[in-house]
Engineer: 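The structure is given below, and queries will be raised subsequently.
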Amino acid sequence: MASMDFLSKVQNSNIWSWWRFAARWLRHWLPTGLYTRSLLIILLPMILLQAVVVTLVMERHWQMVTERLSAAVTRDIAAIIEILETEEDEADEARIVRIAREKLDLSIYIEPKQELPAPLPRQYFSILDNILEDQITLQIGKPFWIDTYGNGSLVEIRIQLEDHTLRVFTRRNQAYASNTHIFIVWMVGASLVLVGISVLFLRGQIRPILSLAQAAESFGKGQKITQYTPRGADEVRRAGLAFILMRERIERQLEQRTAMLNGVSHDLRTILTRFKLQLALAGESAGLEELDRDVDDMQSMLEAYLAFARDGAEEDFGTLALPQVLEKLRVDFELHDKVMTYNIYGNDVIAARPNAFARLIGNIAANAQRYANTLHVDVRHAPKSVILTFDDDGPGIPDELREDVFKPFFRLDEARNLNSSGTGLGLSIVKDIAISHGGDITLDKSPLGGLRVIVRIPA
C-alpha cells in the first residue's frame with residue numbers, strides 16, 4: 001500500500017513538473033501584446049473548428065461519396081461482364097461496346113486474354129485505390145489491375161475473363177468525389193473574410209487602449225497631455241475618464257503645492273530679511289556670527305527647494321544638448337583643479353525638461369566635485385532608455401546609507417567631517433527630477449573607488 005502511494009506521488013509530481021514546463025514554454029513563446037493575443041483568441045478556435053470539420057465530417061463525406069460512386073461504376077462493369085459471359089454471339093460485342101459508351105459513359109475494349117501487368121505502387125494516401133479494389137473484389141471477384149494515376153483524368157481497369165481481357169476506361173470523377181475541395185476552399189475563403197472583418201473591428205477596439213497606454217506613459221514621463229480623448233468600449237471609456245480625473249487631481253495638487261511654497265517663501269524671506277537686519281544692527285560677537293551663518297543656511301536651503309519646485313511645476317518638455325551641459329561642468333572642474341571627462345555614445349540631444357535635467361546633472365557633478373578629485377560621465381542609449389553613469393574617486397557612500405541620502409535634508413557632512421555648505425537637498429532633488437521624467441536613479445560602487453550614480457530615463 002505504501003509503495004502504491006509512493007508511485008502515485010511520483011506520477012503526480014511528474015505531471016505537475018510537465019505542466020509547469022508547458023506553462024513556462026507557453027509564457028515564453030506566446031505573444032505579450034493585447035492585439036496579438038486577441039487575434040489568437042479569434043484564430044485558434046476557428047482553426048480548431050475547421051480542422052475538426054475537415055477531419056471528421058469532410059473525410060467521412062469524402063469517403064462515403066467515393067464509395068457510392070465506385071460502387072456504381074463497379075456495378076456497371078459487372079453488368080457488362082455478365083452480358084459478355086452470357087452472350088455467345090461475338091457480333092454483339094460491338095453493340096455492347098456502343099451501349100457502354102453511350103449509356104454508361106464507359107470506354108471498354110475486349111482484347112484477347114493476356115497476363116495482367118504487375119500491380120502499381122500505392123500512393124501514400126489513395127482512397128480511390130482502396131475503395132475501388134474493395135468494390136471490384138466484392139462485386140466481380142475476378143483478377144484485376146487498376147491504374148488511377150497513369151492518366152490524370154481517367155481511371156483504367158483491366159479484368160481477366162475466361163477467354164478475354166476487358167479494359168475499361170472511366171472518368172475519374174465518375175468513381176471519385178473530386179469536387180470536395182470546393183467546399184474546403186469556400187470554407188477557408190469565408191473564414192479569411194470573417195477574420196479580416198474581425199481584425200478591422202479588433203483594431204478599432206484596441207486603438208483606444210493603446211491611446212490610453214500612451215497617454216499614461218507620457219504623463220508618467222512628466223509630459224503634458226492635451227490630445228487624449230476617451231474612446232472605444234464602455235470599459236475603456238471608464239478607464240480613460242478615471243485616468244483624466246486622476247491626472248487633473250495630481251496636477252491640481254502640484255499647483256496647490258507650488259502656490260503654497262510660493263506663499264511660504266514670501267513669508268519666510270520676509271522673516272529672514274528681518275533676522276539679517278537685526279543681526280546687522282546688533283554688532284559683532286561670536287554668538288551672533290553663528291546665528292548669522294544659520295540664517296544664511298536656512299535661506300540657501302529655502303531657495304534651493306523653491307527653485308526646484310518652481311522648475312518642476314512650470315517647465316515643459318523640450319530638448320537638452322548634453323555636450324553643452326557637460327562641457328560647462330568640465331570647465332568648472334578644471335577651475336577647481338579637478339578632472340572631469342565624459343563620453344556620449346549615440347545621439348547627444350535628449351528629450352527632457354531642459355532646466356530640470358541640467359539641474360540633475362549639475363547636482364550630481366557638484367557632489368562629486370565636493371568629495372572627489374575625478375569624475376567620469378558616460379552616456380549611452382539603450383533601446384528604450386537613456387542611461388547616464390557618473391563615476392568618481394571619492395569616499396563613496398556606505399551600503400546602509402544609500403537609500404537615506406535621497407531623503408530631504410539628509411547630510412553626510414558630519415560623518416565625513418567636511419564642510420557643511422550643502423543644503424541636504426541635492427540627491428533628493430535629483431531623485432525627484434528622475435522620477436518626474438519617468439525614470440529612476442540608483443547608487444553603486446564605482447570602478448574608480450568612489451561612488452557610481454546611474455540615472456535611467458525613458459528615451
Side-chain angles (χ1 to χ4, degrees), residues 47 50-188:
I47 294 174
Q50 290 187 354
V52 171
V53 169
V54 171
T55 302
L56 299 181
V57 180
M58 289 306 303
E59 183 180 358
R60 181 59 182 168
H61 170 77
W62 191 14
Q63 184 175 0
M64 182 180 65
V65 174
T66 302
E67 286 178 355
R68 292 181 179 179
L69 293 175
S70 297
V73 171
T74 306
R75 281 196 299 269
D76 294 340
I77 297 174
I80 293 173
I81 292 174
E82 186 173 353
I83 293 175
L84 287 174
E85 290 180 343
T86 58
E87 187 67 41
E88 297 180 356
D89 190 359
E90 295 184 358
D92 289 337
E93 291 182 356
R95 183 172 60 86
I96 295 173
V97 171
R98 179 181 57 80
I99 292 173
R101 183 177 65 253
E102 295 178 356
K103 304 298 182 181
L104 303 178
D105 200 13
L106 297 175
S107 297
I108 65 173
Y109 299 91
I110 303 172
E111 300 177 349
K113 187 176 180 180
Q114 55 185 345
E115 293 293 330
L116 296 177
L120 297 176
R122 289 289 186 88
Q123 300 293 326
Y124 177 74
F125 181 73
S126 178
I127 185 174
L128 178 58
D129 285 350
N130 297 331
I131 294 177
L132 195 57
E133 287 180 0
D134 293 340
Q135 291 296 327
I136 293 175
T137 302
L138 178 64
Q139 297 189 41
I140 298 176
K142 296 181 181 295
F144 66 91
W145 176 87
I146 61 175
D147 180 12
T148 60
Y149 292 95
N151 190 327
S153 61
L154 295 177
V155 175
E156 180 183 359
I157 303 172
R158 298 184 187 183
I159 301 175
Q160 196 173 59
L161 306 178
E162 292 182 1
D163 300 326
H164 303 87
T165 298
L166 180 64
R167 296 183 65 184
V168 181
F169 291 89
T170 181
R171 288 183 289 109
R172 175 181 288 270
N173 56 13
Q174 280 187 263
Y176 179 69
S178 59
N179 60 348
T180 307
H181 67 281
I182 298 177
F183 176 79
I184 299 176
V185 171
W186 273 100
M187 183 176 63
V188 174

Engineer: Can you measure from CD1 (Ile96) to CD1 (Ile108) and round to the nearest 0.5 angstrom?
Structural biologist: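 Between Ile96 CD1 and Ile108 CD1, I get 7.0 Å after rounding to 0.5 Å.
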Engineer: What pairs with Ser70 under side-chain hydrogen bond (donor to acceptor under 3.5 Å, both in side chains), at least two apart in sequence or on another chain?
Structural biologist: none
Engineer: Got a second to check how far Leu132's CG is from Leu69's CG, nearest 0.5 Å?
Structural biologist: 11.0 Å
Engineer: State the CD1-CD1 distance between Ile157 and Ile140, to the nearest 0.5 angstrom.
Structural biologist: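 Answer for the CD1-CD1 pair, Ile157 versus Ile140, is 7.5 Å.
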Engineer: Under the side chain to side chain contact (heavy atoms under 4.5 Å, CB included) rule, what do Ile80 and Leu104 come out as? Steps first, then yes or no, please.
Structural biologist: CA-CA 10 Å; Ile80 293 173; Leu104 303 178; 3.8 Å; yes
Engineer: What's the separation between atom CD1 in Ile81 and atom CG in Leu166, rounded to the nearest 0.5 Å?
Structural biologist: 5.5 Å
Engineer: Which residues satisfy the side chain to side chain contact (heavy atoms under 4.5 Å, CB included) test with Ala71, sequence neighbours excluded?
Structural biologist: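 Ala71: side chain to side chain contact (heavy atoms under 4.5 Å, CB included) contacts with Arg75, Gln135, Gln139.
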Engineer: Is there side-chain contact between Ile146 and Ile136, with heavy atoms separated by less than 4.5 Å?
Structural biologist: yes
Engineer: Do you know the tightest heavy-atom contact between Lys142 and Ile159?
Structural biologist: CB-CG2, 4.0 Å
Engineer: Nearest 0.5 Å, please: how far is CG in Leu154 from CD in Gln174?
Structural biologist: 9.5 Å
Engineer: Where do Trp145 and Leu116 come nearest, in terms of heavy atoms and distance?
Structural biologist: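 Where Trp145 meets Leu116 most closely, the heavy atoms are N-CD1, 4.2 Å.
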Engineer: Who passes side chain to side chain contact (heavy atoms under 4.5 Å, CB included) against Pro119, sequence neighbours left out?
Structural biologist: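 Once residues adjacent in sequence are excluded, Pro119 has no partner under the side chain to side chain contact (heavy atoms under 4.5 Å, CB included) criterion.
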Engineer: Using side-chain hydrogen bond (donor to acceptor under 3.5 Å, both in side chains) as the criterion, list what pairs up with Glu162, not counting sequence neighbours.
Structural biologist: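 None.
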Engineer: Kindly indicate, with the supporting measurements, whether the criterion side chain to side chain contact (heavy atoms under 4.5 Å, CB included) is fulfilled by Val73 and Ile77.
Structural biologist: CA-CA 6 Å; Val73 171; Ile77 297 174; 4.0 Å; yes
Engineer: Write out all pairs satisfying side-chain hydrogen bond (donor to acceptor under 3.5 Å, both in side chains) with one or both partners inside residues 108-117, taking only residues at least two apart or from two chains.
Structural biologist: Glu111-Gln114, Glu111-Arg167
Engineer: With sequence neighbours excluded, what pairs up with Asp105 under the side-chain hydrogen bond (donor to acceptor under 3.5 Å, both in side chains) test?
Structural biologist: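 Once residues adjacent in sequence are excluded, the partners of Asp105 under the side-chain hydrogen bond (donor to acceptor under 3.5 Å, both in side chains) criterion are Arg171.
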Engineer: Can you give me the closest heavy-atom contact between Thr165 and Pro112, atom names plus distance?
Structural biologist: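 The answer is OG1-O, 3.6 Å.
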